[in-house]
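Here is the structure we will look at.
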Amino acid sequence: MKSISLKSAAILLFALLPLTVMAIDIGGFGAMIGGGSDDEQEGVNLDLNQIFEGAKDIGRTVSGISEEEEIEIGRNAAAVLLGASKPVDDVALQRYVNKIGRWVVSQTERPDLPWHFCVLDSSHLNAFAAPGGYVFITKGLLDTMSSESELAAVLAHESAHVLQKHHVKAMTNFSNSGVSGLLKLASQTQGAQGNFMATELVKEVKEMYLRGLDKDDEYEADRMGVIIAARAGYDPFGLATVLQTLDSINPDDETVSLLFKTHPSPQARITELEPVLITLDDTGAQPQLNNRFIASTTTPE
Amino acid sequence: MNTLRLSFIIISVLFSTQLLAADKLGTLTRDTELRKAPSKSADIITILSADNKVRILNRQGGWYQVNNGIQAGWVRLLTVKLYRKNTIALPTPKNTDEEDEDDLLGNLATGREQSDEVTAATAVRGIDEEVLQNAEPDQEALKLLDQYAADASTGQAAAEEVGLKNKKLDYFGADKKPTPAPKPKVEESDDDQGDWP
């Protein structure tokens, strides 16, 4: 299989040329995860974690997916999600969430993707993203929130999945035909056929959302999400309070069935996030923005 | 915006703000300093032991203002585990049978009134495995998303409207390796119906 040979090549390259890998890591998108200053990056630690991060990044490089292809796969994935749940029919609410989302992603490394945010008309508690800049949050999850800082944090978490191409990684890791097959399927949905979407691609998208992302990718999105929210000027502890709310819900409750199946437990996520949050003590005085959130998300009947 | 809608929003905001963070209950998961202010340099009032039950009065950043029935002060947000049966501002159940209480668990304390209207508006089927499995791609709904989208300057304006200021901040890096957080000393017990402050 082509995907296997590509992965094997990556592993071989990685094994033979560790210094090259590190160079790519530093120069590429992976450097952002390390995030430190130049001084910090100069002291590259040749420890296992760093090397592992490097390996992950060369995996992405080998996948060779262009931004256009990423967006095309994302359009298809978004269409599947919208087939499961419609957007809430409230233009003012949708515009509000898009404004907040757009401000949040403007603080990231990919501000110019065609970002779309959408509130799904679902009583279940969940949020999703799709490659290329699609971010969804359910009305059910929105209804548990009491501040814009919580909304911003969840949108930031989802946008981190987009920044890091976690979904593309998840789909290619499990796809029978690898990234080339995925791209072929996505390209089949374009052109004269219009709304046609390859059955196989629909199946792979569904499987990805049902299986969930890699657990470590969820933790990474949490870590990045609080930083992005803090960059946008919000009190970054909003993600912690959302996780605390989720943690207080009976796991047997049907409204959290898919969320809990596809994510690490809220308590595990809180525990993983704590060391990051401790470093953000100074940003705790940044606003939560309760009033605008409630005014903008309360639908008069 | 008509006057009626505006009045509704104002009333909603006042009512919701009043309820915000009020009546949330939690349990301390570890021995915790109760401080006079939401700051690690604030004076320590006392040390509250793990499993103390607290009523959450307010939040600022990573701190909850709490009352344990004897004293009030500020504790680190992550030392508190929210009580699972935290069902404020809900319609009064017809009876207090355990089963009925369980039915209310989805309606958590959110600082919002859980009115019948809200329930009706959100009473659509959620996204569960079966719904997702049977979903047909909806290209028409995808087009709607273009109508909702905001450009960067619109996002910027929304931030300026409330005085949000962006700042430069690095991601949490590999050079700052996470140190394991203290393990919670107590597990939450769903059936604990003891006295709350």
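Numbers restart at 1 for each chain; the letters A, B, ... are given by sequence-line order, proteins then strands. Since the structure is predicted, the reported quantities are computational estimates derived from the model, not experimental observations.
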[atom1] of [X] to [atom2] of [Y]: how many Å apart, nearest 0.5 Å?
{"X": "A:Leu277", "Y": "B:Leu77", "atom1": "CG", "atom2": "CG", "value": "8.0 Å"}
{"X": "B:Leu132", "Y": "A:His124", "atom1": "CG", "atom2": "NE2", "value": "12.0 Å"}
{"X": "A:Met224", "Y": "B:Tyr171", "atom1": "CE", "atom2": "OH", "value": "4.0 Å"}
{"X": "A:Arg95", "Y": "B:Gln147", "atom1": "CZ", "atom2": "CD", "value": "10.0 Å"}
{"X": "A:Gln107", "Y": "B:Leu164", "atom1": "CD", "atom2": "CG", "value": "9.5 Å"}
{"X": "A:Asp90", "Y": "B:Tyr148", "atom1": "CG", "atom2": "OH", "value": "8.5 Å"}

Atom CD of A:Glu254: over 12 foreign heavy atoms under 6.0 Å: no
Residue [X] versus chain B: region with a heavy atom under 4.5 Å:
{"X": "A:Ala230", "answer": "both"}
{"X": "A:Tyr219", "answer": "neither"}
{"X": "A:Asn98", "answer": "both"}
{"X": "A:Tyr134", "answer": "side chain"}
{"X": "A:Gln286", "answer": "side chain"}
{"X": "A:Val80", "answer": "both"}
{"X": "A:Val105", "answer": "neither"}
{"X": "A:Glu148", "answer": "side chain"}
{"X": "A:Gln244", "answer": "both"}

Any heavy-atom pair between the side chains of [Y] and [X] that's under 4.5 Å?
{"X": "A:His116", "Y": "B:Asp146", "result": "yes"}
{"X": "B:Leu145", "Y": "A:Phe117", "result": "no"}
{"X": "B:Gln139", "Y": "A:Leu82", "result": "no"}
{"X": "A:Asn76", "Y": "B:Pro137", "result": "no"}
{"X": "A:Arg102", "Y": "B:Thr154", "result": "no"}
{"X": "B:Leu78", "Y": "A:Ile278", "result": "no"}
{"X": "B:Phe172", "Y": "A:Leu280", "result": "no"}
{"X": "A:Ser149", "Y": "B:Arg59", "result": "yes"}

Proximity breakdown for B:Glu136 and chain A, heavy-atom pairs closer than 4.5 Å: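 Just its backbone gets close to chain A.
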Contacting moiety of B:Asp151, where chain A heavy atoms sit under 4.5 Å: backbone
What's the shortest heavy-atom distance between [X] and [Y], and which atoms?
{"X": "B:Gln133", "Y": "A:Lys206", "value": "O-NZ, 2.8 Å"}
{"X": "B:Ala135", "Y": "A:Ala84", "value": "CB-N, 3.6 Å"}
{"X": "A:Asp247", "Y": "B:Arg84", "value": "O-NH2, 3.6 Å"}

B:Arg76 with A:Asp281: basic N within carboxylate O range, under 4.0 Å: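 Between A:Asp281 and B:Arg76 there is a salt bridge, with a charged N closer than 4.0 Å to a carboxylate O.
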A:Glu274 and B:Arg30 ion-paired at < 4.0 Å: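 A salt bridge links A:Glu274 with B:Arg30.
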Option that, when pairs with chain A are counted at under 4.5 Å, heavy atom only, ranks first among B:Val162, B:Asn134, B:Ile127: B:Ile127
Worked check of salt bridge (Lys or Arg N to Asp or Glu O under 4.0 Å) between A:Lys261 and B:Asp128: CA-CA 10 Å; A:Lys261 178 177 177 283; B:Asp128 58 18; over 6 Å; no
Most contacts with chain B, counted as non-hydrogen pairs under 4.5 angstrom, among [options]:
{"options": "A:Asn126, A:Val205, A:Ile228, A:Val91", "value": "A:Ile228"}
{"options": "A:Thr138, A:Val104, A:Thr241", "value": "A:Thr241"}
{"options": "A:Leu273, A:Leu258, A:Asp235, A:Val88", "value": "A:Asp235"}
{"options": "A:Leu259, A:Thr262, A:Leu210", "value": "A:Leu210"}

Full working for side-chain contact (heavy atoms from CB on, under 4.5 Å) between A:Tyr234 and B:Asn166: CA-CA 9 Å; A:Tyr234 291 100; B:Asn166 61 345; over 6 Å; no
Sidechain-backbone polar pair: A:Lys99 side chain, B:Gly155 backbone, donor-acceptor under 3.5 Å: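 Checking the backbone N and O of B:Gly155 against the side chain of A:Lys99, no donor-acceptor pair under 3.5 Å is found.
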Given B:Asp138, B:Leu144, B:Leu142, the one that forms side-chain contact (heavy atoms from CB on, under 4.5 Å) with A:Pro87: B:Leu144
